[in-house]
4 protein chains.
Amino acid sequence: MKMNNSKVDSLLAGGESGELTDKQKRIVEAAIEMFSEKGFAASSTSEIAKRAGVAEGTIFRHYKTKKELLLAIVTPVMGNLVAPFIVKDLEKVLEKDYEFYEEFLEAMVRNRQAFIQKHLPIVRILVQEIPFHEELRGQFIEHVAKDLYARFANIVSHFQEKGELVQMPPTSVVRLTISSILGFFLARYIFLPEYEWNEEEEIEMTIQFIMNGVKAR
Amino acid sequence: MKMNNSKVDSLLAGGESGELTDKQKRIVEAAIEMFSEKGFAASSTSEIAKRAGVAEGTIFRHYKTKKELLLAIVTPVMGNLVAPFIVKDLEKVLEKDYEFYEEFLEAMVRNRQAFIQKHLPIVRILVQEIPFHEELRGQFIEHVAKDLYARFANIVSHFQEKGELVQMPPTSVVRLTISSILGFFLARYIFLPEYEWNEEEEIEMTIQFIMNGVKAR
Amino acid sequence: MKMNNSKVDSLLAGGESGELTDKQKRIVEAAIEMFSEKGFAASSTSEIAKRAGVAEGTIFRHYKTKKELLLAIVTPVMGNLVAPFIVKDLEKVLEKDYEFYEEFLEAMVRNRQAFIQKHLPIVRILVQEIPFHEELRGQFIEHVAKDLYARFANIVSHFQEKGELVQMPPTSVVRLTISSILGFFLARYIFLPEYEWNEEEEIEMTIQFIMNGVKAR
Amino acid sequence: MKMNNSKVDSLLAGGESGELTDKQKRIVEAAIEMFSEKGFAASSTSEIAKRAGVAEGTIFRHYKTKKELLLAIVTPVMGNLVAPFIVKDLEKVLEKDYEFYEEFLEAMVRNRQAFIQKHLPIVRILVQEIPFHEELRGQFIEHVAKDLYARFANIVSHFQEKGELVQMPPTSVVRLTISSILGFFLARYIFLPEYEWNEEEEIEMTIQFIMNGVKAR
DNA sequence: TATGAATGAGCGTTCATTCAT
DNA sequence: CATGAATGAACGCTCATTCAT
């Protein structure tokens, strides 16, 4: 009776796929919809249950509290938002898969854009709920501020040593790069998603913009 | 018993100052605190009333619904977030108060930073609640996408004609400029307010970064 | 609109009478009925509300939790179950209002019987819930074990010195006296209330029984 | 995996021993613990299952309802609380195993004390739940009021005829005897179990007390 | 104008019980 | 025989809102 062509991919199953039962998947899907549309606090477990086509009690069999459901949805995405490309791509960068910063930037942006598009509703939830949940803020700072930031700075140093990038503190280069990209993603996907974006062009321009700002003169 | 050295400035009084009674001010202050800390949906009118030192009914005497209270807080700031410098500064720009784009940028950033700092909790509410309230999104698009965006583009055109800025579509210059600045403000004040920012330096760098990206070559 | 010929007497109003509003009285009355019939844990606030003819929320306006409602009902009776006759009657005893232990016993039993009869449902709740609520057990030990027991022992010593009572440890005399009386009250009012008791006769016999057990020979 | 040195003795197996499976025993033990600690209504089948180390469904395979589980625990003890000594000892008494009422009393009290100590948690449940369950009250009245009371009265008559006991209605002698003993047991084991009792002495005194009250003069 | 008692719908959560495996 | 996922009614409690005072 198990169906596996689910919309909820293996990210949420905690590593091994197929760990979520059919009903659990429907609960998670319904919760993602609701949380991202109305926010966590304004979403009721009873409506989530209705939308998932399960009894309300069933939610609490799988997730002790409503908040645990939120974290089960958001935590794995938070990790993967940042983790994978860092580990893999960091090696690629240092192993000269990318000869220029611009190349690396290009790859990174495309890769993260694909990820965000795929998990858009969850990313929305993440962004929207971070201010209200200590745990999320903690994880976010851990992953973004520590992991991503630190490793990114290494990459920047690498290209600075190659004489490709301007001699500015690496953390500032990182901050400006990330905030330009993030600024675009937030505008594009969170705050003004209905606006008609010429995505290809905007991304290209954003990268040029960053490069102009940080390349060695 | 009326005190007038209130923290809630005349912005919220709807144009003419002194319109808000003492109790009304305390309600608004309490609501701002709570909404920005816990979010609109997770804030209860009963706790707002308690914090304001008024009866729960008093809130509803002044604001028909809880949502009306939210809008009363957020709407005037949304307007002023964008409106004033546009009207005034637009004239100034065109009247050559600012000879260079960089000068204008500098002035604008400082001015908006001061505004955001002054109204930080309300700006937080604004950013946090926009995704959940049609009205807010409507106002935001109206003010930002139409007013700010359009007028800003005029300014950019002005400097492009002077040969100071690169020949890129003005809307893209605007988008990149705004998203760099907004990216900084969001990181600085909303998502990582506890991080130790070297504000002066970051702003200067952000402006240089933008200028490198957009100035004519 | 206030009526004061209520069944809930001033005991529960916290000392000054008339402190309980009309609805509060109805809530307390309904709760007493239900708690004593079905027990605290098996009584639902929704049914209490229905029986009291108020909205469920009204209960929680007056009592923060269901348990607080229980304590508000039971605490004052616990105090008065023991306190008043002790303070007053102790003086009376020592001031020779009662020349013989039997006389004192007689008065005490009658007085407490009247009290128990008047507050029977609450006393039932008290007896039934003591095993499950730390606070109640604490209060009970405080009042009964400490206050009543100690003062009662003084009275017994007094009559032992007069040569009226047997030379047994006063605490044992107290324990036997109380357990004989309590044994009767528990059987009569709690465990077998439907049995046809010849109350007058039983009390008389119980007192004689106690006297035979404790009087000096 | 079956262990047979179980704490749940054959009393609960319904007469023939070995009828309870290992899991059943663990269910019953867990239920006894919980019912006596928190009361029947406040104990959940899910926690009983957890404590017993079985699935929740397993409980309902053996006991159709939660209440049936309660009755399965409490009924056999209720019977044995009263039945055995009556049947056997009644014969012993009449066959002059006990020459004096005091002797009989002594034996009975010791015997019942041992029984209560052994089954204390179940006796607690019994006492605590009697007020809330018709069936229990019915059984209690049946066993105590009819069986015990009636047979006990016969014994008293027997000693009255021997001229050993005062000429009081036998039922009153019984009532006073039982309530003195019960009063002690309730205080000792139910209401003030933590108090430091000098058990031996108290029992001796209680018996003397009763004898003084009922022996012929 | 300000109050706060009152409301009843709705909240997140737990419950005893069922039943397909 | 045993399981534990699933149920949906009921739980204690909070909510935004109303209204008589």
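Since the model is a prediction, treat every value here as computed from it, not as a measurement. Lettering follows sequence order; numbering is per chain, from 1.
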Rounded to whole Å, the CD-C1' distance (B:Glu47 to F:dT14) equals 12 Å
Taking side chain as C-beta onward, heavy atoms only, is D:Phe60 less than 4.5 Å from D:Thr45? yes
Between C:Ala55 and A:Lys64, which is nearer to the 5' end of DNA chain E once each is assigned its nearest nucleotide? C:Ala55
Tell me: CD1 of C:Ile48 to C1' of E:dT7, nearest whole Å? 18 Å
Side chain to side chain contact (heavy atoms under 4.5 Å, CB included) involving A:Thr58 - partner list, sequence neighbours excluded: A:Ile27, A:Val54, A:Ala55, A:His62
Protein-nucleotide distance (D:Lys23, atom NZ; F:dG4, atom C1'), rounded to Å: 12 Å
For A:Pro121, all residues meeting side chain to side chain contact (heavy atoms under 4.5 Å, CB included), sequence neighbours excluded: A:Ile32, A:Ser36
Under the side-chain hydrogen bond (donor to acceptor under 3.5 Å, both in side chains) rule, collect the residues that match up with C:Gln128, sequence neighbours excluded. none
What nucleotide, of F:dT18, E:dG12, E:dG4, holds the atom closest to the side chain of B:Phe60? F:dT18
Toward the 5' end of DNA chain F, which comes first, C:Gly57 or A:Thr58, by nearest nucleotide? A:Thr58
Could you give the NZ-to-C1' distance, from C:Lys67 to F:dG12, as a whole number of Å? 14 Å
Residues in contact with DNA chain E, drawn from residues 35-46 of chain C - heavy-atom cutoff 4.0 Å: none
In whole angstroms, how far is the C1' atom of F:dA6 from the CD atom of A:Gln24? 13 Å
Distance in angstrom units between B:Lys50 NZ and E:dA5 C1', rounded: 15 Å
Does B:His133 have any ring-ring contact (aromatic ring centres under 6.0 Å, His included) partners at least two apart in sequence or in another chain, and if so, which? B:Phe40
Restricting to side chain to side chain contact (heavy atoms under 4.5 Å, CB included), what partner residues turn up for C:Arg137, sequence neighbours left out? C:Ile130, C:Glu134, D:Glu194
Go through F:dT3, E:dA6, E:dA16 for me and flag the one nearest to the D:Glu56 side chain. E:dA16
Reckon B:His62 has a side-chain N or O less than 4.0 Å from the OP1 or OP2 of E:dA2? yes
Which residue lies more 5' along DNA chain F, comparing C:Arg61 with A:Val54 via nearest heavy atoms: A:Val54
Using the side-chain hydrogen bond (donor to acceptor under 3.5 Å, both in side chains) criterion, which residues pair with C:Glu68? Sequence neighbours excluded. none
Those residues that, when tested against D:Lys67, pass salt bridge (Lys or Arg N to Asp or Glu O under 4.0 Å) (two or more places apart): D:Glu135
Hey, are C:Glu56 and C:Ser46 close enough side-chain-wise for a donor-acceptor pair under 3.5 Å? no
Provide, to the nearest angstrom, the distance between the CD atom belonging to B:Glu68 and the P atom belonging to F:dA16. 15 Å
Under the rule for side chain to side chain contact (heavy atoms under 4.5 Å, CB included), what residues qualify as partners of A:Lys38, not counting sequence neighbours? A:Met34, A:Ala42, A:Ser43, A:Glu47
Mind running a 4.0 Å heavy-atom check of residues 125-135 of chain C against DNA chain E and sending the residues that fall below it, in number order? none
Taking atom C1' of E:dT14 as reference, at what distance in whole Å does atom NZ of C:Lys66 sit? 13 Å
Residue pair B:Leu71 / B:Leu136: nearest heavy atoms and the distance that separates them: CD2-CD2, 3.7 Å
Report the residues that fulfil side-chain hydrogen bond (donor to acceptor under 3.5 Å, both in side chains) with A:Lys64, sequence neighbours left out, ordered by chain and then residue number. none
Where does DNA chain F pair, written as one dot-bracket string 5' to 3', with Watson-Crick or G-U pairs under 3.5 Å, ( ) inside the strand, [ ] for crossing pairs and | for another strand? .||||||||||||||||||||
